[in-house]
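Written out below as structure tokens is the structure these notes cover.
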Amino acid sequence: MVRKLVLLGTGLIGGSFALALKRMRQVEHVVGVGRNLANLERALELDVIDSACQDAAQAVEGADLVLIATPVGQMGRLMQAIAPVLAPDCLVTDAGSTKGDVVALFREHLGTRLAQCVPGHPIAGSDLSGAAAARYGLYEGRRVVLTPLPETTPDAVARLEALWRLCGAEVYRMTPAQHDSIFAAVSHVPHLVAFSYMNALLERDNIDACLDFAATGFRDFTRIAGSHPDMWRDIALANNRPILDDLRRNVAQLQALIGLIERGDAAALTGFIERASRARVAWDARDKEKQ
């Protein structure tokens with residue numbers, strides 16, 4: 001049972017975590033913290049939180065669990081603010097999409113409390129944001145990655161794993177470096193490519209006509225281009241080395257594709273497309289078997 005859960009960032013990720021624990025009757029009181037008063041009021045209306053506060057240090061007094069669910073660029077300031085007032089047994093975790101930089105922030109600002117710090121990343125994002133996007137069941141069947149520190153106690157890790165499992169999630173552990181390499185490839189770069197594609201489209205003289213005729217393929221490919229700008233800016237800068245490696249791989253593939261089309265090499269172009277198509281179909285089948 002969590003007596004007092006504090007959400008530093010009251011949106012889709014933190015709000016859905018709170019709702020899941022409420023449904024399982026595993027939390028007594030949820031405090032939402034954020035800079036947007038209207039969003040906090042909406043969270044109260046929807047019973048995502050039980051009380052609201054715009055002062056992080058004030059909010060975490062007496063808390064036994066703090067989830068930092070803001071864009072990564074805001075986490076250092078929040079950690080610095082709450083460090084002096086955290087209870088000795090308060091468990092602190094985050095929901096950042098990058099882990100190497102977040103681990104560095106934990107060490108910088110919560111260095112004396114690392115035994116109770118468990119960096120994490122719930123894999124359940126959306127192009128929607130804010131408290132109104134929070135929902136029950138967001139984490140059911142989803143994966144959550146934890147990257148415990150060498151200093152983190154086994155009890156702290158076990159406690160957080162148990163809470164995520166109560167939300168319906170599958171919990172995995174890996175190192176921050178492993179996490180950042182994997183998610184650069186399958187999450188960060190796809191978002192950045194979608195942003196890049198949309199910006200390229202906006203350079204066209206006939207952009208209005210293009211958008212008028214855009215349909216399912218365009219919608220499927222560009223959905224994630226509607227994601228939160230601040231969050232993805234922070235991710236791109238924080239995980240820049242793995243991201244740059246994968247962006248360069250994508251550039252190489254685009255250059256190869258341009259060459260095939262320029263040469264009119266039908267056989268090679270078919271092979272290029274078939275290789276990607278087979279891999280995507282196989283992944284989709286494997287993913288459906290897991291569900």
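Residue numbers count from 1 along this sequence.
Under a 3.5 Å cut-off, the side chain of Asp265 and the backbone N or O of Ile261 do not form any donor-acceptor pair. Using a distance-only test at 3.5 Å, with no hydrogens or angles considered, a donor-acceptor pair links the side chain of Asp180 to the main chain of Gly100. Side-chain N or O atoms of Thr93 include none that pairs as donor or acceptor with a backbone N or O of Pro119 at under 3.5 Å. Judged by distance alone, with hydrogens and angles left aside, the side-chain atoms of Ser16 form a donor-acceptor pair with the main-chain N or O of Arg135 at under 3.5 Å. Counting only distance, with no hydrogens or angles, the side chain of Thr152 and the backbone of Cys117 share a donor-acceptor pair below 3.5 Å. A donor-acceptor pair under 3.5 Å links the side-chain atoms of Thr175 to the main chain of Gln178, judged by distance alone.
Between the OG atom in Ser181 and the CG atom in Asn239 there is a gap of 8.5 Å [rounded to 0.5 Å]. Remark: Leu138 CG to Leu19 CG distance equals 9.5 Å, nearest 0.5 Å. Put simply, SG on Cys210 and CG on Leu201 are 5.5 Å apart, with the number rounded to the nearest 0.5 Å. The line from CG of Leu166 to CE of Met24 is 5.0 Å long, rounded to the nearest 0.5 Å. Atom CD1 of Ile258 and atom CD of Glu262 lie 6.5 Å apart (nearest 0.5 Å). To the nearest 0.5 Å, atoms OG1 (Thr222) and CZ (Phe195) are separated by 11.0 Å.
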Contacts table for residues 270-282: side-chain donor-acceptor under 3.5 angstrom, sequence neighbours left out:
residue, atom, partner, partner atom, Å
Thr270, OG1, Ala266, O, 2.9

Identify every side-chain donor-acceptor pair in residues 58-72 under 3.5 Å, counting partners at least two apart or on other chains, and give the distances.
residue, atom, partner, partner atom, Å
Asp64, OD1, Arg3, N, 3.4
Asp64, OD1, Lys4, N, 2.9
Asp64, OD2, Arg3, N, 3.0
Asp64, OD2, Arg159, NH2, 3.4

Check: residues 211-221 side-chain donor-acceptor pairs under 3.5 Å, at least two apart:
none

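Applying the salt bridge (Lys or Arg N to Asp or Glu O under 4.0 Å) rule to pairs touching residues 77-95 yields Asp94-Lys99, sequence neighbours excluded. Counting only residues at least two apart or on different chains, the salt bridge (Lys or Arg N to Asp or Glu O under 4.0 Å) pairs with a member in residues 231-242 are Asp230-Arg233. Pairs of residues two or more places apart, or lying in two chains, that qualify as salt bridge (Lys or Arg N to Asp or Glu O under 4.0 Å) and include a residue from residues 24-45 are Arg42-Glu45. Residue pairs satisfying the ring pair (Phe, Tyr, Trp, His ring centres under 6.0 Å) criterion with at least one member in residues 9-51, sequence neighbours excluded, are listed as follows: Phe17-Trp164.
Between Ala236 and Ile243 the shortest heavy-atom distance is CA-CD1, 3.7 Å. The two atoms that bring Pro88 and Gln116 nearest to each other are O-CG, 3.8 Å, heavy atoms only. For the pair Met75 and Ala95, the tightest heavy-atom approach, listed with the atom from each and the gap, is CE-N, 4.5 Å. When all heavy atoms are compared, the tightest approach of Asp246 to Ala184 is OD2-CB, 4.2 Å. Across Val27 and Ala18, no two heavy atoms sit closer than the pair CG1-O, 4.4 Å.
Looking only at side-chain heavy atoms (C-beta outward), Val251 and Leu254 stay at 4.5 Å or farther from each other. Taking 4.5 Å as the limit, some side-chain heavy atom of Leu40 sits within range of a side-chain heavy atom of Gln54. With contacts defined as side-chain heavy-atom distances shorter than 4.5 Å, the pair Val31/Leu7 does not qualify. Side chains of Pro122 and Arg142 form no contact here, defined as non-hydrogen atoms less than 4.5 Å apart.
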Run the side chain to side chain contact (heavy atoms under 4.5 Å, CB included) check on Val144 and Ile123 step by step: do they pass?
CA-CA 6 Å; Val144 172; Ile123 318 303; over 6 Å; no
Would you sort out whether Asp245 and Arg249 count as a salt bridge (Lys or Arg N to Asp or Glu O under 4.0 Å), showing the intermediate values?
CA-CA 7 Å; Asp245 287 343; Arg249 291 187 184 97; 5.3 Å; no
Quick one, Met174 with Ile182, criterion side chain to side chain contact (heavy atoms under 4.5 Å, CB included). Give me CA distance, side-chain angles, the key distance, then yes/no.
CA-CA 11 Å; Met174 59 181 68; Ile182 290 169; 4.1 Å; yes
Step by step, work out the side chain to side chain contact (heavy atoms under 4.5 Å, CB included) result for Val92 and Leu110.
CA-CA 9 Å; Val92 183; Leu110 298 175; 4.1 Å; yes
Decide yes or no on side chain to side chain contact (heavy atoms under 4.5 Å, CB included) for Arg248 and Leu244, but give the supporting numbers first.
CA-CA 6 Å; Arg248 292 186 181 105; Leu244 286 170; 3.5 Å; yes
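In terms of hydrophobic clustering, with Ile, Leu, Val, Met, Phe, Trp and Tyr side chains grouped at heavy-atom distances under 4.5 Å, Leu12 and Leu8 are assigned to different clusters. Note: the hydrophobic cluster containing Leu86 does not contain Val118 (ILVMFWY, side chain heavy atoms under 4.5 Å, direct or indirect links). Tracing side-chain contacts under 4.5 Å through hydrophobic residues (I, L, V, M, F, W, Y), one reaches Tyr139 starting from Ile49; they form part of the same cluster. If you chain together hydrophobic residues whose side chains sit under 4.5 Å apart, Leu163 and Ile13 fall into the same group. Criterion: ILVMFWY side-chain heavy atoms under 4.5 Å apart, direct or through other members. Under it, Leu146 and Leu21 are part of a common hydrophobic cluster.
Using a 4.0 Å cut-off between charged nitrogen and carboxylate oxygen, Glu140 and Arg23 count as a salt-bridge pair.
The aromatic rings of Phe183 and His188 sit tilted, their planes meeting at an angle between 30° and 60°.
With sequence neighbours excluded, the residues satisfying side chain to side chain donor-acceptor pair (under 3.5 Å) with Tyr172 are Glu170. The side-chain contact (heavy atoms from CB on, under 4.5 Å) search around Asp155 returns Thr153, not counting sequence neighbours. In terms of the side chain to side chain donor-acceptor pair (under 3.5 Å) criterion, residue partners of Arg204 (sequence neighbours excluded) are, by chain and number, Asn206. By the side-chain contact (heavy atoms from CB on, under 4.5 Å) test, Arg173 is found to be paired with Pro148, Val157, Glu161, residues two or more places apart in sequence or in another chain being considered. By the salt bridge (charged side-chain N to carboxylate O under 4.0 Å, His left out) test, Asp50 is found to be paired with Lys22, residues two or more places apart in sequence or in another chain being considered.
Side chains of Asn199 and Ser196: no donor on one and acceptor on the other come within 3.5 Å.
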